[in-house]
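Here the structure is a predicted model, which means the values were calculated and not measured. Just so you know, ligand 1 is whichever comes first in the structure, and atom 1 is the first atom listed for that ligand.
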Amino acid sequence: MKELDVFENWPFKVPNIEKVKTKIIEFTNNLKNAKTEEEALKVVKHYFKEFQKVDNEITHISVLYSIDTRVKKYEKAMGVLDEGIPTLQAADLEFKKAFLNSKFRPYLEKKLGSFIFTMYDYSLRAFDEKIVEEAVEENKLVTEYNKTIASAKIEFRGETYNLTQIGKFMQDLDRQTRKEASEAYYNYLETIKDKLEDIYDKLVKVRDKMAKKLGYKNYVELGYIRMNRFDYNKEDVACYRNQIKEVVTPLVEKFIKEKFKRTKISKPTYYDLSLTFADGNPTPLGTTKDKINNAQKMYDQMSKETSEFFKFLDEHHLLQLEAKEGKQSGGYMTYFPVYKTPIIFSNFNGTAGDVDVLTHEFGHAFQGHLSSNIKVPDYHMPTMESCEIHSMSMEFFAHPYMNLFFDNPEKYKYMHLEDAISFLPYGVTVDHFQEWVYENPNATKEERNAKWHELETMYAPYKEKYFKDCKFLYEGGRWLRQNHIFASPFYYIDYTLAQVVAFQFFNLDRKNHELAWKKYIALCKMGGKYPFRELIKKSHLKDPFVDGTIKSTIKPLIKELKSYKID
Ligand SMILES: [Zn+2]
């Protein structure tokens, strides 16, 4: 294979949906008509390869679009995908059906493993030609949401910012700056609230319709299948959320009290919650380039593999980190199967969050890289909750190198760990909310916001008090800014499950670094060959769903927090 070119030189190609569809049908027929087991396997392998090409093109388009939503060429290509992908999904499903029903199944199972059959069975249960129209509608609505968020223009002290860029001022040391920036941010959200609520209402209804057309009671059932939750269910999740409420909620209440004691704010309100220390939150040193250089130094020291791989990403311009006008919000890593490389996308805003990107998204990318030799594309990456273990654990493996990024690394480590623990109640709130939403698809917008407020207060009672000064937050509007709720329903509890597992890696790393790192690499290399709970079991870690895991995982972290010199 010839040397990979830098990202901006990659050829841009929009797949011809009709042609791809015809090809898929051909493969399906070839698989059905295969005379021998070897022939069947050959068709399947060839199909994997062809589909990776299309996957590569689709990924390329969506990445380019997310980097600049203003470019008409990309917007047009996204339109083709929004329209076309459901058609391809339907065709792909026919192939999967033929695969599942192949008379050579025992041989295919022997060669490809049996888990792929479980996966395909889920795909079949999640989709059918009869919901193509709804799926197209769903994609369009998600694109509309992303565009609305990305095109936000917030005026603040004579300058214009997007929703991410203003975040820096919302945690500024100067209280007046925090106040004005937060007001500008929430006042802006107030102006698009109606529009966002409308989009969501349509999304809920179209998803509910899909679920019912497929024969499910409601979208909760379909959502779990679409998220490929192979080895846990709604009841497991409910029990898990309860553990968080019992163990973590009171702890976070304590954090907040201590925080306000530390920051010496006498009458704290919502915009003071973001300030961790009296002299300001630790912010990383230098420009984006400096941060990349420091990250390179960190990965050089961490291991040979991390060193080489980070260098590769930088040299191929696969670190798209700067916040720019027209760029979609958030951060992600995605993988190009043909080029066998990931890309990291983010919106740096000068906060400690920038460093989290360099560790978190890099963790994802590193796993993609470590399992790039896995031949079956479906096994390359595990399901979402498992993927986040790779990234969140990397954030903690990076702790010993934080002196490269911060004047006061202890303060960063404290803030990072405290935030990670405090995230758990929020994460389960998002999950609980969605469960309620899809169980009550005809609820009004007001009822939805009220439910959010109720759940938010249940998992984080302190918010009730501090949110009183902000209409948008107090009326339960926070969820409108949570992309996942719109774009990937039920994709959220995943972060919290992974966080609990990452905490275990952290605890082990403090005791025995070599063992922790070895286990981590092994987990990354397993890719998606197993479902979540099995990956945990194979790594000899504790299962978050099992009662008691949260308590025993959190306990050493409290001690760890106390050990940091933050005064
Ligand atoms: Zn992630």
Side-chain angles (χ1 to χ4, degrees), residues 59 62-63 66-67 146 149 164 167 227-229 291 295 299 306 309-310 313 318-321 323 327-336 341-349 351-372 380-399 416-417 419-424 426-428 430-431 434 481-506 520-521 523-528 531-532 535-536 539 541 544:
T59 306
S62 69
V63 170
S66 68
I67 291 173
N146 285 333
I149 293 292
T164 313
M227 281 306 297
N228 285 328
R229 298 199 166 148
K291 284 173 229 172
Y299 290 122
T306 49
F309 178 56
F310 190 80
L313 291 177
L318 296 164
L319 301 169
Q320 298 281 334
L321 306 176
K327 198 171 173 179
Q328 269 181 9
S329 66
Y332 66 79
M333 148 352 255
T334 189
Y335 188 81
F336 296 97
T341 184
I343 187 167
I344 295 176
F345 169 101
S346 175
N347 285 275
F348 271 19
N349 65 357
T351 66
D354 296 355
V355 175
D356 300 337
V357 169
L358 285 167
T359 55
H360 180 101
E361 299 304 335
F362 179 80
H364 282 307
F366 190 48
Q367 182 271 325
H369 168 68
L370 285 177
S371 43
S372 59
H380 181 242
M381 263 175 228
T383 39
M384 297 304 193
E385 70 295 79
S386 307
C387 278
E388 294 304 323
I389 304 173
H390 314 133
S391 54
M392 288 173 157
S393 303
M394 183 56 93
E395 293 176 28
F396 289 115
F397 281 119
H399 265 211
H416 176 241
L417 183 55
D419 284 353
I421 298 170
S422 307
F423 169 72
L424 297 175
Y426 175 74
V428 299
V430 172
D431 182 75
Q434 297 193 82
R481 194 50 191 101
Q482 192 59 60
N483 176 287
H484 303 70
I485 293 179
F486 287 78
S488 333
F490 289 103
Y491 175 22
Y492 213 72
I493 195 88
D494 310 66
Y495 292 102
T496 74
L497 291 167
Q499 189 65 267
V500 172
V501 182
F503 284 153
Q504 294 180 50
F505 269 113
F506 184 50
Y520 175 71
I521 299 287
L523 176 75
C524 288
K525 284 189 173 166
M526 276 190 259
F532 175 65
L535 284 170
I536 304 286
S539 305
L541 296 162

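Note on the Zn ion (ligand 1): protein N/O/S atoms under 2.8 Å are H360 NE2, H364 NE2, E388 OE1, E388 OE2.
Ring geometry for F309 against F362 counts as tilted: the plane angle lies between 30° and 60°, on a 0 to 90° scale. In this pair, Y520 and F505 present their aromatic rings perpendicular. The plane angle is above 60°, beyond the 30 to 60° band. A perpendicular orientation is assigned to the rings of H484 and Y492, their planes being inclined by more than 60° (bins at 30° and 60°). A perpendicular orientation is assigned to the rings of F423 and Y495, their planes being inclined by more than 60° (bins at 30° and 60°).
For F336, the ring-ring contact (aromatic ring centres under 6.0 Å, His included) criterion is met by W10, not counting sequence neighbours.
Looking at M384 and S488, their side chains never come closer than 4.5 Å, going by heavy atoms from C-beta outward.
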